[in-house]
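So that we are looking at the same thing, I have put the structure below in structure tokens.
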Protein chains: 2
Amino acid sequence: MSASGKTRTPGRDVLRDSVLGGDLVFLLARANALTLAAANAALAEHGLKARSYSVLALAADGARPTQRELAEFLRLDPSQVVALVDGLEKRHLVERRTDPADRRANVLVATDAGRDLFARAQQAARAVELGLLATVTPEEHERLAGLLRLLAFPD
Amino acid sequence: MSASGKTRTPGRDVLRDSVLGGDLVFLLARANALTLAAANAALAEHGLKARSYSVLALAADGARPTQRELAEFLRLDPSQVVALVDGLEKRHLVERRTDPADRRANVLVATDAGRDLFARAQQAARAVELGLLATVTPEEHERLAGLLRLLAFPD
DNA sequence: CTCAATGATTGACATTTTCAACGGTTCGTG
DNA sequence: CACGAACCGTTGAAAATGTCAATCATTGAG
């Protein structure tokens with residue numbers, strides 16, 4: 001019988017070759033899940049997660065973003081940014097400065113300690129990224145980043 | 001003024017060119033967020049979300065996965081699969097069949113109605129994917145999928 | 001000056017994630 | 001065969017995230 005395949009362990013690769021194996025949304029979701037987990041694990045030793053690392057990163061490189069800009073960029077609700085910044089500020093890694101040009105807005109600035117921690121965390125983050133793409137040439141690595149940028153910033 | 005043009009809206013692109021602009025984990029997270037939102041919006045008219053669509057897809061193409069295999073593949077907790085399958089089963093789109101080879105396990109099978117709905121939902125899903133990558137050649141599209149597969153299935 | 005719009009904040013609520021515990025079943029070992 | 005360890009699906013609860021409306025201070029337009 002053609003149909004009576006009875007592979008007792010059908011799961012391992014059968015699913016991978018299913019319709020979803022070519023589904024970009026699914027691949028993105030799964031790649032994101034694994035990648036995020038790896039990043040969180042590596043950042044944990046610095047007391048950070050991917051979220052707080054991102055906020056710290058933007059504060060640390062002098063972009064002086066307002067919380068609203070942070071929210072849009074990270075695709076978070078403004079209220080989540082409040083919590084994130086609260087956490088970093090309590091650890092004296094970033095400071096809220098009211099924007100002199102618009103006193104409603106808070107501009108985020110990293111402290112010395114913040115830049116310091118970020119520098120170390122960034123190394124961990126880079127190591128993770130390289131580890132994840134160890135089987136890939138630098139050219140392909142950059143090509144992937146470029147294509148993801150297209151999806152991440154469609155304008 | 002030395003600082004040419006006090007860009008009162010510094011955020012727009014400054015953040016994009018920051019350290020995070022090259023951060024794979026961040027790009028993946030943001031691309032996933034946008035992509036997932038688009039997919040959910042498109043699937044909503046079929047009463048599905050990306051999650052339930054994925055489950056339905058795997059049930060519909062005859063892989064006969066167990067719930068545990070589903071959980072691993074979709075990177076979900078087994079309890080979440082229960083809820084997902086409950087939802088689809090209540091709508092008579094899939095059925096739980098106890099695996100004759102292992103009566104602990106449930107194997108997922110799509111009903112006729114399930115395959116039918118999936119066929120329609122799949123068109124919507126494909127349209128979304130093509131829309132997201134409209135600015136890209138089919139070769140690059142496939143290259144992106146290939147690279148994401150590397151991240152999604154590291155073995 | 002008045003008023004609509006905006007940034008940050010708070011608090012409430014829904015959804016998702018994560019975990020521990022449980023009954024039913026399988027399987028290896030004695 | 002009997003035992004116990006490991007495993008599947010299920011349940012329920014706790015923690016983390018996501019979403020939304022309301023509020024205060026401030027801005028900018030008319």
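Protein chains get the first letters and strands the later ones, always in sequence-line order, with residue 1 at the start of each.
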message: I want to check one thing: is the phosphate of D:dG18, taken as OP1 and OP2, less than 4.0 Å away from some side-chain N or O of A:Q80?
response: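 Result: yes.
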query: To the nearest Å, how far apart are B:N32 CG and D:dG18 P?
result: 11 Å
message: Measure CG/A:L76 against P/D:dT19 and give the value in whole Å, please.
response: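 So the two atoms are 9 Å apart, to the nearest Å.
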query: Rounded to whole angstrom units, what separation is found between the CD atom of B:Q67 and the C1' atom of C:dT25?
result: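 To the nearest whole Å, that distance equals 15 Å.
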message: Taking the side chain as everything from C-beta on, heavy atoms only, tell me whether A:L130 gets closer than 4.5 Å to A:H141.
response: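 Contact flag for A:L130/A:H141 side chains = yes.
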message: So which atom in B:T35 and which in A:L28 form the shortest heavy-atom distance, rounded to 0.1 Å?
response: OG1-CD2, 3.5 Å
Shortest non-hydrogen separation from B:A29 to A:N32 and the atoms involved: CA-OD1, 3.3 Å
- prompt: In whole angstrom, what separates B:E89's CD from D:dT10's C1'?
  reply: 13 Å
Side chain of B:S79 - closest among D:dG9, C:dT25, D:dG12: D:dG12
message: It should be established whether A:R68 places a side-chain nitrogen or oxygen under 4.0 Å from OP1 or OP2 of nucleotide C:dA5.
response: no
field: Residue B:N106, side-chain atoms from C-beta onward, closest of D:dG9, D:dG18, C:dG7
entry: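 Nearest to the side-chain atoms of B:N106, counting from C-beta on, is D:dG9.
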- prompt: What about A:R104: does its side chain form a donor-acceptor pair under 3.5 Å with the base of C:dT6?
  reply: yes
query: What is the minimum heavy-atom distance between A:R30 and B:F153, and which atoms define it?
result: NE-CE2, 3.4 Å
task: In whole angstrom, give the distance that lies between atom CG of B:L74 and atom P of C:dT17.
output: 11 Å
Sugar-phosphate, base or nothing in reach of B:R75, heavy atoms under 4.0 Å: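 Nothing, no heavy atom under 4.0 Å.
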message: Side chain of A:V82, heavy atoms from C-beta onward: which of C:dT10, D:dA25, D:dT11 has the nearest atom to it?
response: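 Selected nucleotide (nearest to the side chain): C:dT10.
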- prompt: Whole-Å distance between C:dA14 P and B:K49 NZ?
  reply: 14 Å
message: Return whichever of B:R51 or A:D86 has its heavy-atom-nearest nucleotide of DNA chain C closer to the 5' end.
response: A:D86
query: Could you state the CG-C1' distance from A:L70 to C:dT9, rounded to the nearest angstrom?
result: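 So the CG-C1' distance, A:L70 to C:dT9, works out to 15 Å.
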message: Rounded to whole Å, please give me the gap between CG in B:N40 and C1' in C:dT15.
response: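 In whole Å, C:dT15 C1' and B:N40 CG are 12 Å from each other.
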- prompt: Contact class for B:D77 vs. all strands (heavy atom < 4.0 Å): base, sugar-phosphate, or nothing?
  reply: base
task: Please determine if a side-chain N or O atom of A:R96 lies less than 4.0 Å away from the OP1 or OP2 oxygen of C:dA8.
output: no
message: Assuming nearest nucleotide by heavy-atom distance, tell me which of A:P100 and B:V81 is located more 5' along DNA chain D.
response: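 Checking each residue's closest nucleotide, the 5'-ward one belongs to B:V81.
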query: Does a side-chain heavy-atom distance below 4.5 Å link B:L151 with B:L24?
result: yes
task: Please determine if a side-chain N or O atom of B:R103 lies less than 4.0 Å away from the OP1 or OP2 oxygen of C:dT25.
output: yes
